[in-house]
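What follows is a short report on a single structure.
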Amino acid sequence: MNIPFLDRWRRRHDEEPEVRGLAAAFEDNPQGVAELLAECELLRSQAATAGLELDDSPASLTALDQLLPRWRDDPELLPWLGNDAGLYLGSVVVRTVRGAAWHVWPGGSPVVRLASGREIQVVEAGLDWAVQGAPELSQVYAEASET
């Protein structure tokens, strides 16, 4: 069957570059993706507003746990802040726990893989912390550093 407009559409779309996700970017440049994951601009900005500077240390996780959760008043902000909290938690674990490293699942979810092989779903932990206050970020860190 000869449909001219369909042939032109196929040629045009066959030439378009493949859309690549986070998992593919991580395979190509794990260090670069790790740096992006560590940015957490929204969380850093909220912490700075509260007078807290996030220095990527375990002590900063304890300090975050002590903040008044004013972000809970803004349902639009909540998931973004929780995501950043999880990524920040992951960055602290990767920087301070021996053998911990970022891993990105094929679907694009970043997790922290410990030397034991255990994976911590840090974004999920950050969302739980932002919404419910539990588990505390410092508690998740303590469990990760024990292994």
Side-chain angles (χ1 to χ4, degrees), residues 6 9-147:
L6 188 55
W9 182 87
R10 282 188 184 138
R11 274 192 302 262
R12 187 174 69 233
H13 285 83
D14 287 343
E15 295 169 1
E16 289 180 3
E18 177 185 341
V19 177
R20 296 172 46 91
L22 183 60
F26 184 76
E27 283 182 24
D28 292 345
N29 185 359
Q31 184 64 31
V33 171
E35 288 174 17
L36 287 174
L37 294 176
E39 286 184 3
C40 313
E41 288 301 319
L42 178 60
L43 180 70
R44 291 179 191 278
S45 143
Q46 291 286 316
T49 300
L52 174 62
E53 181 181 343
L54 300 181
D55 60 1
D56 300 333
S57 71
S60 66
L61 296 172
T62 302
L64 278 171
D65 289 337
Q66 302 306 312
L67 289 179
L68 288 174
R70 296 176 192 214
W71 55 84
R72 290 189 190 138
D73 296 336
D74 187 346
E76 289 184 24
L77 180 68
L78 201 55
W80 297 104
L81 189 76
N83 186 71
D84 269 15
L87 295 176
Y88 182 73
L89 167 64
S91 296
V92 173
V93 171
V94 167
R95 289 182 178 158
T96 60
V97 175
R98 181 175 295 202
W102 283 108
H103 176 72
V104 178
W105 289 343
S109 297
V111 297
V112 172
R113 185 174 286 162
L114 301 176
S116 66
R118 178 176 159 234
E119 291 182 345
I120 303 172
Q121 295 180 358
V122 291
V123 172
E124 187 176 296
L127 289 168
D128 288 345
W129 172 82
V131 173
Q132 303 165 11
E136 291 183 334
L137 299 174
S138 58
Q139 178 185 357
V140 176
Y141 175 83
E143 291 172 5
S145 65
E146 288 176 357
T147 56

Practice item. Could you check if a side-chain atom of Tyr141 sits within less than 4.5 angstrom of a side-chain atom of Val92, using non-hydrogen atoms only? Key: yes

Gly90 and Val112 have their tightest heavy-atom pair at CA-CG2, 3.6 Å

Minimal heavy-atom distance between Pro135 and Gln139, with the atoms involved, is CB-OE1, 3.8 Å

Salt bridge (Lys or Arg N to Asp or Glu O under 4.0 Å) test vs Arg44 passes for just one of Asp84, Asp55, Asp56, namely Asp56

Inset, instruction - Assess whether atom CD of Glu76 is packed by more than 12 heavy atoms of other residues, nucleotides or ligands within 6.0 Å. - result: no

Checklist line | Check against side chain to side chain contact (heavy atoms under 4.5 Å, CB included), Leu36 and Phe26 | finding: CA-CA 11 Å; Leu36 287 174; Phe26 184 76; over 6 Å; no

The reported gap from CG in Leu78 to CG in Asn83 (rounded to nearest 0.5 angstrom) is 11.5 Å

Separation between CD (Gln121) and CG (Leu127), nearest 0.5 Å, reads 11.0 Å

**Item:** Arg72 side chain vs Ala130 backbone, donor-acceptor pair below 3.5 Å
**Value:** yes

- [ ] Using the side chain to side chain contact (heavy atoms under 4.5 Å, CB included) rule, take Leu77 and Leu42 through it: C-alpha gap first, then chi angles, then the decisive distance, then the call.
- [x] CA-CA 9 Å; Leu77 180 68; Leu42 178 60; 3.4 Å; yes

In short, Ala144 meets Arg118 closest at the heavy-atom pair CA-NH1, 4.3 Å

dist Ile120:CD1 -> Leu114:CG (nearest 0.5 Å) comes out at 4.0 Å

Side chains of Thr96 and Ser145 in contact at under 4.5 Å (non-hydrogen atoms) | no

Between Ser138 and Asp65 the two heavy atoms that sit nearest each other are OG-OD2, 2.6 Å

Q.
Less than 4.5 Å apart, side chain to side chain, heavy atoms only: is that true for Leu54 and Cys40?
A. no

Considering only heavy atoms from C-beta outward, does the side chain of Val122 approach that of Val93 to under 4.5 Å? no

Are any of the side-chain heavy atoms of Leu81 and Asp74 separated by less than 4.5 Å?
no

All heavy atoms of Tyr88 vs all of Ser60, minimum pair found to be OH-OG, 2.5 Å

To the nearest 0.5 Å, atom CD of Gln66 lies from atom CG of Leu137 at 11.0 Å

If you apply the rule side chain to side chain contact (heavy atoms under 4.5 Å, CB included), what do you find for Leu37 with Val94, and how did you get there? CA-CA 11 Å; Leu37 294 176; Val94 167; over 6 Å; no

Tightest non-hydrogen contact, residues Ala50 and Leu67, listed as CB-CD2, 3.6 Å

| field | Intermediate values then yes/no, side chain to side chain contact (heavy atoms under 4.5 Å, CB included), Val33 and Trp102 | value | CA-CA 9 Å; Val33 171; Trp102 283 108; over 6 Å; no

Quick note, ring pair (Phe, Tyr, Trp, His ring centres under 6.0 Å) partners involving residues 47-87, not counting sequence neighbours, are Trp71-Trp129

